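Please read the structure below before turning to the comments.
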Amino acid sequence: MCRHIAYVGPAVPLGEVLVEPPHALYRQSWEPRRQRYGTVNADGFGVGWYADGAGVGDRHGDGERDPVPARYRRAGPIWADLSFADLARVVRTGALLAAVRDATLSGADAEAAAAPYAAGPWLFSHNGAVKGWPGSLGRLAARLPAEEVLSLEARNDSALVWALVLHRLRDGDEPAQALAEAVYEVADAAPGSRLNLLLTDGETICATAWGDTLWYLAEPARHRTVVASEPYDDDPGWREVPDRTVLAATRSDVLLTPLKEPAA
């Protein structure tokens, strides 16, 4: 199990979202308030962010934001990484996705297993676990092109779920549809799986609530939206996403759509 969060809005230091709130992702690594499975998220962490234009990240020289996100990932607990504390203090962004990890099974992938996963403009995270892994998803893995399976960043359930989502994105599915269809596929192949997925391209956030908590804080007047496993403060504006729901959000709007149960 993990905790994760995505933000789109005005540019802020990473720490304003991930460290400074009283119950921020940083604190959730050792003291989550609403985590149903596991207690400590110390098996790795990561943050991905999009560099704003007209600054160091403007590789195009035209003030446009670089569409390819940067990532910082480590195998150990977030609280033990002093370099991250420095980054969080000074790096600014208008969009990010971050996660702290509680590994379902032990493995040797270390940093590679830490979300966010990335491809092109996309950042992705999975909060949950696939029942019966790895045998339960053998049939789904066999449907993917061999090069996509061989390109998996890690040998865990989250990496394969990401491969299923990414395959659909490359085939032209809208982000929310890609997440929903991947959830249906995995839930059908591995009933009882927990599949809270989180995806951003730096402009939109899509997520699924399937087996664990998901919340959002929409602030249209400030042109910002936060989607997270749990609230990072006690702002009354936080809203819980019902289970079996897909969320699609921008800086000014949030749409919730129910997901159907897989056929028996």
Side-chain angles (χ1 to χ4, degrees), residues 3-14 16-18 21 24-25 47-55 57 63-71 91-99 115-127 162 165-166 168-183 195-210 213-233 235-259:
R3 301 281 85 181
H4 57 197
I5 185 171
Y7 164 91
V8 290
V12 295
L14 297 177
E16 186 172 313
V17 177
L18 303 179
L25 188 72
V47 55
W49 70 93
Y50 299 80
D52 290 330
E64 295 292 328
R65 190 188 70 191
D66 191 328
V68 179
R71 287 186 298 168
V91 173
R92 298 175 61 87
T93 185
L96 65 83
L97 191 155
Y117 300 100
W122 301 104
L123 293 169
F124 171 85
S125 177
H126 168 214
N127 170 24
W162 168 226
V165 172
L166 183 58
R168 289 187 169 277
L169 291 171
R170 288 170 171 166
D171 275 355
D173 282 9
E174 292 297 318
Q177 179 186 6
L179 292 188
E181 293 299 331
V183 165
L195 300 164
N196 280 32
L197 311 183
L198 187 59
L199 178 73
T200 186
D201 61 357
E203 297 294 336
T204 62
I205 300 170
C206 291
T208 56
W210 189 282
T213 60
L214 185 70
W215 294 71
Y216 70 91
L217 178 63
E219 300 177 287
R222 300 177 65 186
H223 301 286
R224 54 181 273 161
T225 300
V226 182
V227 180
S229 298
E230 59 183 72
Y232 57 47
D233 61 18
D235 188 313
W238 285 98
R239 296 290 181 266
E240 186 167 14
V241 179
D243 196 36
R244 302 318 197 245
T245 298
V246 61
L247 172 150
T250 65
R251 288 169 171 79
S252 57
D253 186 54
V254 175
L255 175 66
L256 303 179
T257 304
L259 293 168

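Values below: all heavy atoms of this structure, side chains included; hydrogens, waters and symmetry mates excluded. On a predicted model such as this, the values are computed, not experimentally measured, just so you know.
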Between T200 and E203, what is the shortest heavy-atom contact and its length? OG1-N, 4.4 Å
Counting distance only, does the side-chain N/O of R168 pair as donor-acceptor with the main-chain N or O of D173 below 3.5 Å? no
Hits for side chain to side chain contact (heavy atoms under 4.5 Å, CB included) against S252, two or more places apart or cross-chain, chain-then-number order -> T250
Non-hydrogen side-chain atoms of W49 and L123 separated by less than 4.5 Å: no
So how far is it from W215 CH2 to E230 CD, rounded to the nearest 0.5 Å? 9.5 Å
Which atom pair, heavy atoms only, marks the closest approach of A99 to L25? N-CD2, 3.8 Å
Show your working on side-chain contact (heavy atoms from CB on, under 4.5 Å) between W162 and L197 and close with a plain yes or no. CA-CA 9 Å; W162 168 226; L197 311 183; over 6 Å; no
Can you sort out the partners of E181 under salt bridge (charged side-chain N to carboxylate O under 4.0 Å, His left out), two or more places apart, ordered by chain and number? none
Tell me the closest heavy-atom pair linking P10 and H223, and the distance in Å. CD-O, 3.4 Å
Heavy atoms, side chains only, cut-off 4.5 Å: are L97 and R71 in contact? no
For E174, I'd like to know if atom CD has over 12 heavy atoms of other residues, nucleotides or ligands within 6.0 Å. no
Donor-acceptor check, side chain of R239 to backbone of P236, threshold 3.5 angstrom: yes or no? yes
Just verifying a value: how many Å separate T245 OG1 and E240 CD, rounded to the nearest 0.5 Å? 10.0 Å
Can you check side-chain contact (heavy atoms from CB on, under 4.5 Å) on Y216 and L256, steps first, answer last? CA-CA 11 Å; Y216 70 91; L256 303 179; 4.1 Å; yes
Could you please spell out the steps behind the side-chain contact (heavy atoms from CB on, under 4.5 Å) verdict for F124 and L166? CA-CA 9 Å; F124 171 85; L166 183 58; over 6 Å; no
Please check: side-chain N/O of S125 versus main-chain N/O of P116, any donor-acceptor pairing under 3.5 Å? no
Quick one: does T204's side chain get under 4.5 Å of V8's, heavy atoms only? no
Nearest heavy atoms of W238 and D233, plus distance in Å: NE1-OD1, 2.7 Å
Looking at V183, D243, V241, N127, which one forms a side chain to side chain contact (heavy atoms under 4.5 Å, CB included) with T208? V183
Here the pair of heavy atoms bringing E16 nearest to P21 is O-CD, 3.3 Å
Considering non-hydrogen atoms only, spot the tightest contact between G237 and L217 and give its length. C-CD1, 3.5 Å
For the CG atom of N196 and the NE2 atom of H126, what is their distance to the nearest 0.5 Å? 7.5 Å
Would you please test L18 and Y7 for side-chain contact (heavy atoms from CB on, under 4.5 Å) and show each step? CA-CA 10 Å; L18 303 179; Y7 164 91; over 6 Å; no
